[in-house]
Number of protein chains: 2
Amino acid sequence: MRKARIKAGNLKRKVDITLKANAPREVNTEKVAQILQGAMQEFLVHGYAGTSMDRVAGTAGVSKATVYSYFEDKEALFVALVERLAQTEFQMIFDDKLIQGKPEDVLRRIARSLLNEIFSNPDYLTFMRLMIGESGRFPNLAKTFINNITKPAIERLTHYLENCPELKVPDPEASARIFLSSLVHHIQLQEAMYAKEIIPIESDRIINTLIYLLLGKKE
Amino acid sequence: MRKARIKAGNLKRKVDITLKANAPREVNTEKVAQILQGAMQEFLVHGYAGTSMDRVAGTAGVSKATVYSYFEDKEALFVALVERLAQTEFQMIFDDKLIQGKPEDVLRRIARSLLNEIFSNPDYLTFMRLMIGESGRFPNLAKTFINNITKPAIERLTHYLENCPELKVPDPEASARIFLSSLVHHIQLQEAMYAKEIIPIESDRIINTLIYLLLGKKE
DNA sequence: GTCTATAGATCGATAGAC
DNA sequence: GTCTATCGATCTATAGAC
C-alpha cells in the first residue's frame, strides 16, 4: 500500500518498515494523478519518442525527480498512462438504453453516439492516433486497446444483431465489424488525416447507407 | 540540375558555376536513392522522433555529413521520403482488368487485391502506421497520403458502383467508402494492432458480407 | 563530394541537500 | 517526499581535412 511504485517487481528493498508510517498518505495519489495528467498532455501530442521527461515534469508541475520517484522510467510511465486511459478514460461501449426500439433507430443511435463521443472529446482522436502510431513499438498496449475498447464494442453489437428478429444478416459478427470499422475509419480519415478538406462527406451519409445496407430499407 | 538540395529556397549560393562540371554527375542520384533507402528503413520502424540521423546515415552506408549535403535537415529528409513513398511505392489503385465481369466477382477481386497488396508487402502496414501516427505533427504529409492513395481509390470504386447496372445502391460514394474503410480498418486492427490474436476473424467473412450487403445476394 | 571530428543542445536518469 | 544540480549518453547539425 505504500510507495506506489508502478511496474511491479524489481521493487526497492524498502520491505516491511510499514509500521510507524507518518500521517495519512493520501497525498501520493494526488501527485500520481498530477503526473499522469501532465504525461497525458505531452504523450498524446508528441508521441512516445517525441516526449521528454523534462516536459512531462514541467507540465505536471513537479520536478523530474518526483516523476522518477513514482515511475521507474519513461516507458513505465507511458505504459501506466495508456493502460489507465484505455481502461477508464476512453470507452466505446454503448449504453443499454441505446439498444431499445426499432433496429433502424438503434443502429442510428449507436452510430451517432460513437461519432459524438469521438467528436466531443478531442483527446479521443489523438489517443487513437497514438495507439496506432506506437503499436509497433508497444504491442502490448495495442492489445490492451483491443481488449478494452474494440472487443467489447464488437461483441455488444454482434449480440444485438444476432438477437434482433427484424433483421436477417447471414453473418452478424462480420456485419458488426463492418458497421464499426466503417465509422471509426471514416473519422480517422476525415478528422485525423484531414480528408475532410480534400474529399469531404457528411457522416450522416455513411450512417444512412450503413443502415440501408443492413436493413434493406430506403429512408 | 546540380546540387540536388531538397527543400527548395534557401539554397547555398553555389550559383552558376555549373560550367566546367567534373565528369557525368549521375552518382548523385545513386547517393540520394541510397539515403532514401536507409531513411525508409529507419523512419518506418522507429517513427520520426525515434529515428536519429546517425542511424539513417549508418543504414544508408554514408556519413552523416553526406546526408546533410543532400537534405537540408531531418524534417526535409522525412518529408521527401514520405512524399516519394506516397507517390510511387505504395498504391491502392486497382487495375483495369479487375473491374470486368459480374459485380460479385469484381468486388471480390478488388477486395482480395487490396488485402493482398497490404499482406504481401510488410512495409505497407508500417507505412500506414507511420502516416497515422505522424499525421498530427505533419498534417501536409497526411494530406499527401489522402490525395495520392485514399482519394483515387474512393473515386475509382465510386465510379464503378455508379455505372454498374446490376446493383442499385442509393449512395454509391458512401457505399464505396464503407467498402474500402471496412477492409482497411479490418487490416489495421487485425495486423497492425494484433487483434488477430484476441478477436480473430477470417478476411473472407468480411469480404463475403460486404458483397452480400451490396448485392443482396446470398452465397 | 565525402569523410572524421566535434560543437552545442537536450535527452533519460540519479545523487544529495533540505 | 520533493527539490536543485548534474552526470553521461545521444541528439541535430556543421566545420575542416582530403
Side-chain angles (χ1 to χ4, degrees), chain A residues 1-7 10 12 14 17-18 20-35 38-39 42-43 46-81 137, chain B residues 1-7 10-14 17-18 20-35 38-39 42-43 46-81 137:
Chain A
M1 188 70 171
R2 270 179 57 78
K3 195 66 175 179
R5 250 185 192 264
I6 320 299
K7 193 169 187 178
N10 214 340
K12 287 280 169 61
K14 198 72 171 296
I17 323 185
T18 326
K20 202 183 165 185
N22 42 353
R25 190 158 305 284
E26 303 306 323
V27 190
N28 285 357
T29 58
E30 271 184 42
K31 273 280 157 57
V32 169
Q34 221 178 93
I35 294 170
E42 294 300 321
F43 280 126
H46 302 102
Y48 179 76
T51 293
S52 75
M53 294 296 266
D54 281 273
R55 292 177 57 90
V56 168
T59 305
V62 299
S63 79
K64 195 162 53 167
T66 300
V67 175
Y68 276 99
S69 78
Y70 288 98
F71 299 92
E72 192 172 12
D73 53 20
K74 184 183 178 183
E75 185 171 325
L77 171 60
F78 183 65
V79 170
L81 170 72
R137 292 169 286 276
Chain B
M1 188 70 171
R2 269 178 59 77
K3 197 65 174 175
R5 254 187 190 262
I6 321 298
K7 196 170 187 179
N10 215 341
L11 292 183
K12 287 280 169 62
R13 285 301 141 74
K14 198 73 172 296
I17 323 185
T18 325
K20 202 183 166 186
N22 42 354
R25 191 156 304 285
E26 304 308 320
V27 190
N28 284 356
T29 59
E30 270 185 43
K31 273 279 157 58
V32 168
Q34 220 177 95
I35 294 170
E42 294 300 321
F43 280 125
H46 302 102
Y48 178 75
T51 293
S52 75
M53 293 296 266
D54 281 273
R55 291 178 58 90
V56 169
T59 305
V62 300
S63 78
K64 195 163 50 168
T66 299
V67 176
Y68 277 99
S69 80
Y70 287 98
F71 299 92
E72 191 172 15
D73 53 20
K74 184 184 177 183
E75 185 172 326
L77 171 60
F78 183 64
V79 170
L81 170 72
R137 292 170 286 276

Undergrad: Tell me, please, which residues at least two apart from B:Arg55 pass side-chain contact (heavy atoms from CB on, under 4.5 Å).
TA: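 Scan of B:Arg55 (side-chain contact (heavy atoms from CB on, under 4.5 Å), adjacent residues dropped) gives B:Glu42, B:His46, B:Ser52.
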
Undergrad: Please step through side chain to side chain donor-acceptor pair (under 3.5 Å) for the pair B:Thr66 and B:Ser69, ending with a clear verdict.
TA: CA-CA 5 Å; B:Thr66 299; B:Ser69 80; 5.3 Å; no

Undergrad: Round to a whole Å and report the spacing from OH of A:Tyr70 to P of C:dT14.
TA: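 Distance, rounded to whole Å: 17 Å.
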
Undergrad: Quickly work out the A:Glu75 CD to C:dA13 C1' distance and round it to whole Å.
TA: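 Those two atoms, CD and C1', are 14 Å apart.
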
Undergrad: Apply the test side chain to side chain contact (heavy atoms under 4.5 Å, CB included) to residues A:Phe71 and A:Val32: give CA-CA distance (whole Å), side-chain angles for both, the deciding distance (0.1 Å), then the verdict.
TA: CA-CA 9 Å; A:Phe71 299 92; A:Val32 169; 4.2 Å; yes

Undergrad: Would you please name every residue forming a side-chain contact (heavy atoms from CB on, under 4.5 Å) with A:Lys74, sequence neighbours left out?
TA: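 Here the qualifying residues are A:Phe43, A:Tyr48, A:Met53.
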
Undergrad: On a heavy-atom basis, which atom in B:Ser63 and which in B:Ala57 lie closest, and how many Å separate them?
TA: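 Nearest heavy atoms, B:Ser63 then B:Ala57: C-CB, 3.8 Å.
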
Undergrad: In this structure, how many angstroms lie between the P atom of D:dA9 and the NZ atom of A:Lys74, rounded?
TA: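 Distance check: A:Lys74 NZ to D:dA9 P gives 19 Å.
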
Undergrad: On the nucleotide C:dA13, are OP1 or OP2 found under 4.0 Å from the side-chain N or O atoms that A:Tyr68 carries?
TA: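 So the side chain of A:Tyr68 is within the cut-off, an N or O lying under 4.0 Å from OP1 or OP2 of C:dA13.
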
Undergrad: Quick one: is B:Lys31 getting a side-chain N or O under 4.0 Å of the C:dT2 phosphate, OP1 or OP2?
TA: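 B:Lys31 to C:dT2 OP1/OP2: side-chain N or O found under 4.0 Å.
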
Undergrad: Can you tell me how far apart CG (B:Leu77) and CG (B:Asp73) are? Round to the nearest 0.5 Å.
TA: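 Between B:Leu77 CG and B:Asp73 CG, I get 9.0 Å after rounding to 0.5 Å.
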
Undergrad: To the nearest 0.5 Å, what is the distance between NZ on B:Lys64 and CD1 on B:Ile35?
TA: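 If I round to the nearest 0.5 Å, the distance is 13.5 Å.
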
Undergrad: Please report the distance, rounded to the nearest Å, between CD in B:Glu42 and C1' in D:dC11.
TA: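 That distance rounds to 14 Å.
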
Undergrad: Given C:dG12, D:dA13, D:dT4, identify the nucleotide with an atom nearest to the side chain of A:Ser63.
TA: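 Of the options given, the side chain of A:Ser63 lies nearest D:dT4.
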
Undergrad: Please give, in whole Å, the distance from C:dA7 C1' to B:Lys64 NZ?
TA: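 In whole Å, C:dA7 C1' and B:Lys64 NZ are 11 Å from each other.
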
Undergrad: Between the protein and nucleotides 16-18 of chain D, list the N/O to N/O atom pairs that are separated by less than 3.5 angstrom.
TA:
none

Undergrad: Taking only the side-chain nitrogens and oxygens of B:Ser69, find out if one of them lies under 4.0 Å from OP1 or OP2 of C:dG1.
TA: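 No, no such contact exists.
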
Undergrad: Pull out every residue in residues 51-60 of chain B that has a heavy atom closer than 4.0 Å to any atom of DNA chain D, ordered by number, or say none.
TA: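 Contacts with DNA chain D under 4.0 Å: B:Thr51, B:Ser52, B:Met53, B:Asp54.
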
Undergrad: Nearest whole angstrom, please: distance from the P of C:dG12 to the CZ of A:Phe71.
TA: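 A:Phe71 atom CZ is separated from C:dG12 atom P by 15 Å.
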
